[in-house]
Undergrad: 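If you scroll down you'll find the structure; I have some questions about it.
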Amino acid sequence: MLDSRYDAKKVEEGKYETWKNKGYFKAGEKDKEKFTMVIPPPNVTGMLHLGHAWNTTIQDIIARYKKAKGFDVLFLPGMDHAGIATQAKIEERLRKQGISRYDLGREKFLEKAWEWKKEYAETIHSQWAMLGLSLDYSRERFTLDEGLNQAVNEVFVSLYEKGLIYRGERIINWDPKLKTALSNIEVIHSDDKGKFYYFKYYLENEDRYLEVATTRPETMFGDVCVVVNPNDERYKGLINKKVYNPCNHELIPIIADSYVDMSFGTGVMKCTPAHDPNDFNIAIRHNLKMPIIMNDDATMNEKCLEFASLDRYDCREKLVEKIKNESNLIKIEDIVHNVGHSERSQVVVEPMLKKQWFVKMKPLAEQSLKNQMTDDKVEFIPERFSKVFNSWMENVEDWCISRQLWWGHRIPAYYHKVTGEIVVSKNPPKDIENYVQDEDVLDTWFSSALWPFSTLGWPNKTSDLKRYFPVDVMVTAYDIIFFWVSRMIFQSLEFMKVAPFKKCLIHGLIRDSLGRKMSKSLGNGIDPKDVINKYGVDALRYFLTTSTSPGLDTRYSEEKISASKNYLNKIWNASRFILSNLEGKKIDKIDVKSLTLIDEFILTKLQECIENVTFNMEKYDFANASTHLYNFVYDDFTSCYLELSKVSLASKNQNIQSNTLNVLLYVLKSLILLIYPYTPFIAEEIYLNLPVHKDSIMLEKYPEVDKTLIFKESTSLVNDLINMIKDVRAFKVNENLAPNAPVKLIIKEKTHSFDSLLEYLKRFTFANEITITKDELKGGKIYNHFDLLVEQTISDEELKLKLETEIEKLKIEIKRSESMLNNENFLLKAKKEKVELEKNKYQDYLNKLNAYLDRYNKL
RNA sequence: GGGCAUUUAGCUCAGCUGGGAGAGCAUCUGUUUGACGUACAGAAGGUCGGCGGUUCGAUCCCGUCAGUGCCCACCA
């Protein structure tokens, strides 16, 4: 028997271990159709937050739903080594102990990193368990494990051989704190306050100067020329002349390039090829030198005279001071400009010329775009995200994949110590002593891009790969479409020849109650553990997946979690009521022939509910699915049926009583199966208390619509009854009567005998006298099958007024309905059922109107 | 500069292919009705951002303006 109180903690305790130990999470029922999901691997950098909880709960709902629907579900877990992010954290921890990674050396550092990984993997495992995720741990993977390394090497070598990976000197984004290259999307741009410095560049042997402005004066040491637009009349005569660079008084030429925007600033631009991507392109076109003037830690190098070894910002300040002293400073303007920061270290990224490895994106992007125009495309849900994906693919630049880190997949390239020859190979060259391996590792996303197939064993032809690839639905937040989704797609198309997943379900980000991003610096983060301790994981799961709409952000709301818990409490108590009534009673199949009208009503409503919930579950629209269920639980089941069924339960007719019990049990079981994917713990607890049950709700089938249990006519009659009860209650409030005050009711039968409903009406309206008649009533409400009059003292004048307002309302409805039915477009284009529905409504309105008019005229 | 989204009750948000404005929370009134006070019954509350258009009819479609949020972009 269920406890008298719903105690989430008690309900949730121990269930996860049982499910796991009994092997319910394991895939492999070969006789069934497969359904695959792979978890977006969380970084081993820390604890999981509410965003993870949201993402994984969605997947768990799908997994549990599909399993109940009869699929062989694989929900594969794993984690990401998260190169930069993790290494940055480990170094931070070391720094607190006064150690740098260089003190330790590569090997020792990696030992530390693996220890870190172990520590956080444990935390993540316990959090997954807390959330109740039905993950198949026997297939768990890590982006840096042996098998994935094999996959990474296979892909790297293959792309290299196809000419899609190359090594080259290009301007990359350099993180001077972590001392590594970054890809474009690892750079976060923000509008920062800065200064715009205007300097005098004197012409050689002349007393004239050009005004040149820059935001980064320290880069002037790397300038090789100034550039003007070839069509700029102001400077036409100066092209090929020389000017003095005010930082070091070196002579540099004035060249012409159409890149320069004549209308911006003075129309003269300084050119620093090794420290700016645009300047780099100009330098290539004009075959210019590309001097590097900074060290890897963003201090100035020996090319910068007395400023050598100063930090870039120190240098900036002191250099401007020097130029000012030499009277070459014209002015300084305050500006706001777009500055790139490292995603992980937050420091300002320095564009620098470096030799790095790149993936040539164009052919791969084209392949992806082409695939999106076929039937084999990835279907994004919501659809609009396919546009985000397409536009990124259309404009993508080559992907810088080498990172100057230690924690990651080491690049499988070897350089000959003497000849410098490059060998790119899965295995080290035989005479390895003559080679050195590239020191760099790959961008962490390089390995996660292979996740949907590498986790299943690729490049080996495993049975799992054959059975479970491709993934059926990938669930992820929109913020990693570029980082991850797009890269999985092009890598899978290249190596598996199909898209990695059929559908991509995109959700938003979770924000705090004020709509702000949750972040450490704001201190507004919420730990899922705290929520779970207070409200239970079922309430959290329910909140996360039902108060959100597809693709949109959501706000964390403790009130909503608490409301979720109240809902579960409702279900708990309803279950308790049913189960206590069932105690000691014989359970049987529902006898369709001896159902009461009320029974037929709830059975019909349940079928509608199953249909609506299933329809929305198939669309992955969990908010809508749960709303249908919620309305059923509150409006139809607990408010109406549970109350009305008390009449049958108190009945002396054993047949009616036991049949109602059978109905109650059937509805309850269906109901908890419908809610089970959302809130598996409470569902399991109730399920195990049913008089007949299997070892776990996880072994049950999802409810199906049973057409033999749909009774339209009875439902319509019971609807009338429910409306009557409501109207009588409202009447009492209006008249300041106590809820249990006795009333006298008169009912007119129109299409049906009221006998079978009499008992219910009496009990729920406290009527002490009910008259049933076939005669017209003088006033009162009109329903489909009956009219109802609550006897009261009301003057004819008052009644007239009431009738008038009713008549006016009806006239408006009739006018609306007529205009629809008289509209050819509506009759032609609208669905048949809709037209039918409208015609019926119209007839109803007319009938009511006539009845009201009739009464009115008799007064 | 380009793109995407968003604006509906005091708050958080639903509203499916145009056809009677909804929920939860909060508010107000009432209730020891034997599943539930984590409750029940009832009520109040909205010019659906502004303007214009299409339509018999617009919260929904089109245009436009405004507010808000996010993403992308090499303007020195």
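Worth saying up front: this structure is predicted, and the values here are computed from it rather than measured. Here is the naming used below: chain letters follow the sequence lines, and residue numbers restart at 1 for every chain.
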Undergrad: Between the side-chain atoms of A/Y259 and the base atoms of B/rC74, is any donor-acceptor pair under 3.5 Å?
TA: yes

Undergrad: Could you check which of B/rC25, B/rG20, B/rA35 has an atom nearest any side-chain atom of A/F577?
TA: B/rA35

Undergrad: Using modelled atom types and a 3.5 Å cut-off, is there a donor and acceptor pairing between side-chain atoms of A/W54 and backbone atoms of A/L544?
TA: yes

Undergrad: Does A/N566 make a side-chain N or O approach to OP1 or OP2 of B/rA39 shorter than 4.0 Å?
TA: yes

Undergrad: Classify the side-chain pair A/S648/A/K646 by whether it contains a donor and acceptor separated by less than 3.5 Å.
TA: no

Undergrad: Can you check the A/L668 CG to B/rA35 P distance for me, whole Å?
TA: 15 Å

Undergrad: Can you find a side-chain donor-acceptor pair between A/Y535 and A/E558 that sits under 3.5 Å?
TA: yes

Undergrad: Looking at the base of B/rG20, is there any donor atom on it, or on the side chain of A/Y845, that sits under 3.5 Å from an acceptor on the other one?
TA: yes

Undergrad: Could you work out which one of B/rA5, B/rG20, B/rC40 sits closest to the side chain of A/E813?
TA: B/rG20

Undergrad: Think A/R5 forms a cation-pi with A/W572, using NZ or CZ under 6.0 Å from the six-ring centre and within 45 degrees of its axis?
TA: no

Undergrad: For the side chain of A/L552, counting heavy atoms from C-beta on, which of B/rU6, B/rU38, B/rG19 is nearest?
TA: B/rU6

Undergrad: Distance check needed: B/rU68 P versus A/L514 CG, whole Å only.
TA: 17 Å

Undergrad: Show me the dot-bracket string of RNA chain B, counting Watson-Crick or G-U pairs under 3.5 Å, with | for pairs to another strand and [ ] for crossing ones.
TA: (((((((..((((.....[..)))).(((((.......))))).....(((((..]....))))))))))))....

Undergrad: Please report the distance separating the C1' of B/rU33 from the corresponding atom of B/rA44, rounded so that it comes out in whole Å.
TA: 26 Å

Undergrad: For A/F543, is the NZ or CZ atom of A/K560 found under 6.0 angstrom from the centre of its six-membered ring and inside 45 degrees of the ring axis?
TA: no

Undergrad: Quiz question: by atom type and distance under 3.5 Å, do the side chains of A/N184 and A/N173 form a donor-acceptor pair?
TA: yes

Undergrad: Taking only heavy atoms on the protein side, list every residue of residues 728-736 of chain A lying under 4.0 Å from any atom of RNA chain B, sorted numerically.
TA: A/R729, A/V733

Undergrad: Of the nucleotides B/rC70, B/rG19, B/rC36, which one has an atom closest to the side chain of A/Y478?
TA: B/rC70

Undergrad: Determine the interatomic distance between P on B/rA23 and the same-named atom on B/rG45; round to the nearest Å.
TA: 14 Å

Undergrad: In whole Å, measure the gap between the C1' atoms of B/rG24 and B/rU8 for me.
TA: 15 Å

Undergrad: Is A/K387 close enough to B/rA5 that one of its side-chain N or O atoms is under 4.0 Å from OP1 or OP2 there?
TA: no

Undergrad: Expressed in whole Å, how much space separates the C1' atoms belonging to B/rA14 and B/rC36?
TA: 27 Å

Undergrad: Are A/S817 and A/E838 close enough that a side-chain donor and a side-chain acceptor fall under 3.5 Å?
TA: yes

Undergrad: Using the ring of A/Y556 (Phe, Tyr or Trp, six-membered ring only), decide whether A/R511 places NZ or CZ under 6.0 Å from its centre and within 45 degrees of its axis.
TA: no

Undergrad: Considering only side-chain heavy atoms of A/F482, which listed nucleotide, B/rU12, B/rA39, B/rC72, is closest?
TA: B/rC72

Undergrad: Please determine whether the number of non-hydrogen atoms from other residues, nucleotides or ligands lying under 6.0 Å from atom CD of A/E608 exceeds 12.
TA: yes

Undergrad: Looking only at atom C1', what distance separates B/rU68 and B/rG49, rounded to whole Å?
TA: 11 Å

Undergrad: I'd like the P distance from B/rC13 over to B/rC75, given in whole Å.
TA: 33 Å

Undergrad: Quick one: which of B/rG24, B/rA14, B/rA41 gets closest to the side chain of A/S639?
TA: B/rA41

Undergrad: Which heavy-atom pair separates A/R216 from A/K270 by the least distance, and what is that distance?
TA: O-CE, 4.2 Å

